[in-house]
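Heads up: the structure comes next, in structure tokens.
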Amino acid sequence: MRVRTGRFRLYAAVAHGGFRRYATYRTATLAGVFTNTVFGLILAYTYIALWDERPGLGGYDQSQALTFVWLGQALLMVVAVMGGGFEDELIERIRTGDIAIDLYRPADLQAWWLAGDLGRALFHLLGRGVVPMLIGALIFDLAVPADPLTWLATAVAIVLGVVVSFALRFLVALSAFWLMDGAGVAQMAWLAGIFFSGMLLPLNVFPGALGEFARAMPWSALIQVPADVFLGKRTGFDLLTTYGFQAAWAVGLLCAGRMLQTVATRRVVVQGG
């Protein structure tokens, strides 16, 4: 029991450290808020033109479509669709060999980086997510839910989305054990995230088999799923299956990362020996 409590305190401290680390970059945060707001305005007016031509596109009315835009901007850095989290640092530590120190620590490598990434995500939600969403709500007529339970359900979907995002980026970072430079894999993952997360366009708009494929990919758990929960598209049993979808991808990807971590650890031990 004491061991578990000690580990919980350790990872809580790591998460707190991750939050404080990103909180020190105030100028970068302000620049990020400005960038998210400008990009949100561009997307919003593009959506207005598109939904004027195609009302009800993807099952959304114009107000819901605009809400999708601004929620996406609020979550962009939270779920790190385009990177910007721990993966660059982890790739560099693998490249330089400093990862050997991490593997010999009395703490789990995957849990350590997950805790830090959760702290990062919380900061970006508060630091770069709230303001663009408020600006969008002031300028446009957004479909903001009045039910507190919908907000709570959305929070759960966001947390699960962050875990899925971490698991994907952890796999990307571990590829550096074999490639020595994970930049190429990271760029491919970012492109897939931009296209399949709903960052640019709701996945419900994608036609036929492409839409089914896009919504089945893990990246849909990052923006598309939380947005649908926020807009009231996932309720009751459908909400539970939505959580199950996110949780299944999170567990599957974390297990894959765990296996790669084990193989990489053995490789480091052999080389060190």
Side-chain angles (χ1 to χ4, degrees), residues 3-4 6-19 75 77-91 93-94 99 102-125 155-179 182 185-186 188-190 192-193 196-198 214-226 229 239-269:
V3 174
R4 291 181 179 179
R7 288 182 177 178
F8 175 79
R9 289 178 179 176
L10 171 63
Y11 296 130
V14 173
H16 182 255
F19 183 96
L75 296 180
M77 287 300 296
V78 177
V79 295
V81 173
M82 301 176 66
F86 70 95
E87 60 273 19
D88 291 339
E89 182 180 352
L90 182 52
I91 288 173
R93 293 187 69 81
I94 294 172
I99 190 64
D102 301 336
L103 293 173
Y104 282 109
R105 284 175 180 167
D108 180 73
L109 181 72
Q110 189 182 57
W112 177 282
W113 289 101
L114 173 59
D117 201 55
L118 290 173
R120 175 206 61 79
L122 179 59
F123 169 76
H124 281 309
L125 180 63
V156 174
I158 292 172
V159 171
L160 289 171
V162 170
V163 176
V164 173
S165 172
F166 164 82
L168 285 166
R169 289 176 288 123
F170 189 69
L171 286 172
V172 168
L174 291 184
S175 70
F177 274 108
W178 291 269
L179 302 177
V185 178
M188 289 189 291
W190 298 340
F196 290 118
S197 67
R215 289 187 290 273
M217 290 292 96
W219 292 279
S220 68
L222 309 188
I223 292 179
Q224 180 68 51
V225 169
V229 174
L239 179 60
L240 295 179
T241 58
T242 296
Y243 289 158
F245 168 79
Q246 289 182 294
W249 271 117
V251 171
L253 292 168
L254 287 173
C255 288
R258 175 72 60 182
M259 288 188 290
L260 279 185
Q261 175 184 319
T262 301
V263 173
T265 302
R266 290 175 181 173
R267 182 179 181 181
V268 171
V269 171

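Keep in mind that the numbers below use all heavy atoms, side chains included, and drop hydrogens, waters and symmetry copies. All values derive from a computational prediction rather than experimental measurement.
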Compare all side-chain heavy atoms of Trp113 with those of Val14 and state whether any distance is below 4.5 angstrom.
no

Keeping Gln246 on the side-chain end and Ala221 on the backbone end, is there a donor-acceptor pair under 3.5 Å?
yes

Take Leu171 and Gln261 through the side-chain contact (heavy atoms from CB on, under 4.5 Å) test and state the conclusion after the steps.
CA-CA 9 Å; Leu171 286 172; Gln261 175 184 319; over 6 Å; no

Asp117 vs Arg120 side-chain heavy atoms within contact, under 4.5 Å
yes

Could you walk me through whether Tyr11 and Asp108 pass side-chain contact (heavy atoms from CB on, under 4.5 Å), step by step?
CA-CA 10 Å; Tyr11 296 130; Asp108 180 73; 3.6 Å; yes

Minimum heavy-atom distance Val163-Ala250, with the two atoms named
CG1-CB, 3.9 Å

Apply side-chain hydrogen bond (donor to acceptor under 3.5 Å, both in side chains) to the pair Arg169 and Ser165, showing each step before the final yes or no.
CA-CA 6 Å; Arg169 289 176 288 123; Ser165 172; 3.0 Å; yes

Looking at every heavy atom in both Ala173 and Ile94, which two are closest together, and how far apart are they?
O-CD1, 3.3 Å

What distance do Phe196 atom CZ and Ile223 atom CD1 have between them, rounded to the nearest 0.5 Å?
14.0 Å

Any donor and acceptor pair, going by atom type alone, linking the side chain of Gln110 with main-chain N or O of Leu254 inside 3.5 Å?
yes

Met217 atom CE: more than 12 heavy-atom contacts under 6.0 Å
yes

Sequence neighbours excluded, the answer for side chain to side chain contact (heavy atoms under 4.5 Å, CB included) partners of Leu168 is Val164, Pro218, Trp219, Leu253

For Phe166, which residues count as a ring pair (Phe, Tyr, Trp, His ring centres under 6.0 Å) partner, sequence neighbours excluded?
Phe86, Phe170

Test side chain to side chain contact (heavy atoms under 4.5 Å, CB included) applied to Ala12 - qualifying residues, sequence neighbours left out:
none

Suppose we screen for ring pair (Phe, Tyr, Trp, His ring centres under 6.0 Å). Which residues come up paired with Tyr243, at least two apart in sequence or across chains?
none

Side chain to side chain, Val225 and Arg215, heavy atoms closer than 4.5 Å
no

So, using side chain to side chain donor-acceptor pair (under 3.5 Å) as the criterion, who are the partners of Thr242 when residues are at least two apart?
Arg234

Leu75 side chain near Leu222 side chain, heavy-atom distance below 4.5 Å
no

Residues Leu109, Ile99; criterion side-chain contact (heavy atoms from CB on, under 4.5 Å); working and verdict:
CA-CA 9 Å; Leu109 181 72; Ile99 190 64; 4.0 Å; yes

Trp112 versus Leu10: any side-chain heavy-atom pair under 4.5 Å?
yes

Using the test salt bridge (Lys or Arg N to Asp or Glu O under 4.0 Å), find all partners of Asp102 that sit at least two apart in sequence or belong to another chain.
Arg93, Arg105

Look at the side chain of Ser220 and the backbone N and O of Ala216, then say whether any donor-acceptor pair between them is shorter than 3.5 Å.
no

So Met188 and Val172, side-chain contact (heavy atoms from CB on, under 4.5 Å) or not? Walk me through it.
CA-CA 10 Å; Met188 289 189 291; Val172 168; over 6 Å; no

Shortest non-hydrogen separation from Leu174 to Gly257 and the atoms involved
CD1-O, 3.5 Å

Report yes if the side chains of Trp178 and Val263 come closer than 4.5 Å at any heavy-atom pair, otherwise no.
yes

Quick one: does Val229's side chain get under 4.5 Å of Ile158's, heavy atoms only?
no

